Amino acid sequence: MSESVEASEPHPWHIGRLITAWAVAAVFGVMVLVFSPEESRFAWLVFAIGLGSLVTFALQLGTAQKHGFITRLAFSIAGCVLITAGVDGIGTLIGRI
């Protein structure tokens with residue numbers, strides 16, 4: 001039995017989907033910053049990160065390409081977490097928009 005071995009070509013990153021997921025995370029972060037009360041902001045940030053992760057998962061499943069899925073998913077979710085944390089950090093520094 002001869003199996004065809006794929007050449008070690010890099011998998012596509014689907015940059016458009018990564019940027020879309022990060023934009024959604026930024027929007028969720030700003031919405032939490034603007035609309036949530038100060039005492040429950042952390043809980044809402046966790047909720048926003050969870051929603052961003054679900055959106056990321058759906059976007060990456062939508063590619064229907066298994067090669068590189070875990071790498072794309074991990075990179076996208078890490079970006080969502082960092083962007084949401086960055087938005088919250090900036091909001092905290094400038095005194096809650």
Side-chain angles (χ1 to χ4, degrees):
M1 272 190 265
S2 165
E3 293 183 23
S4 66
V5 178
E6 290 183 25
S8 63
E9 60 186 57
H11 59 80
W13 276 93
H14 300 283
I15 299 296
R17 291 176 188 262
L18 289 173
I19 292 172
T20 302
W22 294 341
V24 167
V27 168
F28 285 157
V30 169
M31 287 176 56
V32 166
L33 193 63
V34 171
F35 296 119
S36 71
E38 185 73 28
E39 61 275 357
S40 65
R41 184 170 49 179
F42 181 74
W44 283 104
L45 283 171
V46 171
F47 182 70
I49 290 172
L51 280 177
S53 298
L54 288 175
V55 167
T56 294
F57 189 70
L59 286 170
Q60 293 303 324
L61 273 180
T63 64
Q65 187 173 31
K66 65 181 179 177
H67 187 64
F69 174 75
I70 299 297
T71 305
R72 290 191 317 267
L73 189 66
F75 193 74
S76 188
I77 288 176
C80 286
V81 170
L82 290 175
I83 288 171
T84 304
V87 167
D88 182 54
I90 291 170
T92 301
L93 287 176
I94 62 173
R96 188 129 190 234
I97 299 174

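Start at 1 with the first residue, then count along the sequence. In this text, all values refer to a predicted model and were calculated from it rather than measured experimentally.
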Minimum heavy-atom separation for [X] to [Y], with atom names?
X	Y	value
Val32	Ala48	CG2-CB, 3.9 Å
Ala21	Cys80	O-SG, 3.6 Å
Phe75	Leu18	CD2-CD1, 4.1 Å
Val87	Gly29	CG1-C, 3.6 Å

Could you state whether Phe47 and Val24 fall into the same hydrophobic cluster, counting links through intermediate Ile, Leu, Val, Met, Phe, Trp or Tyr residues with side-chain heavy atoms under 4.5 angstrom apart?
-> yes

Determine whether Ile15 and Ile83 fall in the same hydrophobic cluster, where Ile, Leu, Val, Met, Phe, Trp and Tyr are linked whenever their side-chain heavy atoms lie under 4.5 Å apart.
-> yes

From [X] [atom1] over to [Y] [atom2], what is the distance, rounded to the nearest 0.5 angstrom?
X	Y	atom1	atom2	result
Thr56	Leu51	OG1	CG	10.5 Å
Phe57	Phe69	CZ	CZ	4.5 Å
Ile77	Leu82	CD1	CG	12.0 Å
Leu73	Leu59	CG	CG	10.5 Å
Lys66	Leu61	NZ	CG	14.0 Å

Pair listing, salt bridge (charged side-chain N to carboxylate O under 4.0 Å, His left out) test, anchored in residues 85-94, at least two apart = Arg41-Asp88

Among pairs that include at least one residue of residues 42-55, which meet salt bridge (charged side-chain N to carboxylate O under 4.0 Å, His left out), considering only residues two or more places apart or in two chains?
-> none

Is it the case that more than 12 heavy atoms not belonging to Trp22 sit under 6.0 Å from its CH2 atom?
-> yes

So which of Arg72, Gln60, Gln65 actually passes side chain to side chain donor-acceptor pair (under 3.5 Å) with His14?
-> Gln65

Assess whether side-chain contact (heavy atoms from CB on, under 4.5 Å) is satisfied between Phe42 and Val46, documenting all intermediate values.
-> CA-CA 6 Å; Phe42 181 74; Val46 171; 3.9 Å; yes

